[in-house]
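Report on the following structure.
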Amino acid sequence: MNKENLHQELERLHAELGQLDSLDDSDREKLSVLSQDIRRILDYSGTDERHYQSLIERVRNVVTELEATHPKTTLLMRQVLDQIAYLGI
C-alpha cells in the first residue's frame, strides 16, 4: 500500500460522505467538517505526516458516533484508517 492508494481511498470516502442521506444536523456538520479535512489532505502536496495524524483522530471519532446508523460509510472509514496505519503514519 502506498500513499497513492491511500489518496484513492480518501477520494472514495470523500465521495461517499457527499452522498449520505438521513443525517441529523449534528451528524451532517461532523461529516461536512470531515469531508473538508479529507479534501485538504488530498490537496496537500507536502510530506508532513502530522496532517494525516489529525485526520486519523477525527475519522475515529466520527466512526464511533456513526457506525450504528451508517455501517457502509464507517466500514470505508475504517479501511482508510487501516491503510494509514499500514503506511506507518
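- For the atom pair Asn61 CG and Leu66 CG, the distance stands at 10.5 Å (nearest 0.5 Å).
- Under the side-chain hydrogen bond (donor to acceptor under 3.5 Å, both in side chains) criterion, Thr73 pairs with Glu16, not counting sequence neighbours.
- Smallest separation of non-hydrogen atoms from Leu76 and Leu13: CD2-CA, 3.6 Å.
- With sequence neighbours excluded, the residues forming a side chain to side chain contact (heavy atoms under 4.5 Å, CB included) with Leu81 are Ile56, Val59, Arg60, listed by chain and number.
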### Message
Determine whether Leu75 and Lys72 satisfy the following criterion, side-chain contact (heavy atoms from CB on, under 4.5 Å), listing intermediate values before the conclusion.
### Response
CA-CA 5 Å; Leu75 175 63; Lys72 179 181 172 188; 5.8 Å; no
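- Residues passing the side chain to side chain contact (heavy atoms under 4.5 Å, CB included) test with Arg40, sequence neighbours excluded: Gln36, Asp37.
- Residues meeting the salt bridge (Lys or Arg N to Asp or Glu O under 4.0 Å) test with Asp82, sequence neighbours left out: none.
- Remark: the backbone N or O of His70 is paired with a side-chain donor or acceptor of Thr74 at under 3.5 angstrom.
- Remark: Gln79 pairs with no residue by the side-chain hydrogen bond (donor to acceptor under 3.5 Å, both in side chains) rule, at least two apart or across chains.
- More than 12 heavy atoms of other residues, nucleotides or ligands lie within 6.0 Å of CG in Asp24, so this atom counts as buried by the packing criterion.
- Glu4 meets the salt bridge (Lys or Arg N to Asp or Glu O under 4.0 Å) test with no other residue; sequence neighbours excluded.
- Residues that satisfy the side chain to side chain contact (heavy atoms under 4.5 Å, CB included) test with Thr64, not counting sequence neighbours, are absent from this structure.
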### Task
Report the C-alpha distance between Lys30 and Arg58 in whole Å, list the side-chain angles of each, state the deciding distance to 0.1 Å, and finish with yes or no for side-chain contact (heavy atoms from CB on, under 4.5 Å).
CA-CA 9 Å; Lys30 289 173 197 164; Arg58 288 189 298 280; over 6 Å; no
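- By the side-chain hydrogen bond (donor to acceptor under 3.5 Å, both in side chains) test, Glu11 pairs with Arg39, sequence neighbours left out.
- Remark: Arg12 pairs with Glu9 by the salt bridge (Lys or Arg N to Asp or Glu O under 4.0 Å) rule, at least two apart or across chains.
- Under the rule for a salt bridge (Lys or Arg N to Asp or Glu O under 4.0 Å), Glu29 has no partner lying at least two apart in sequence or in another chain.
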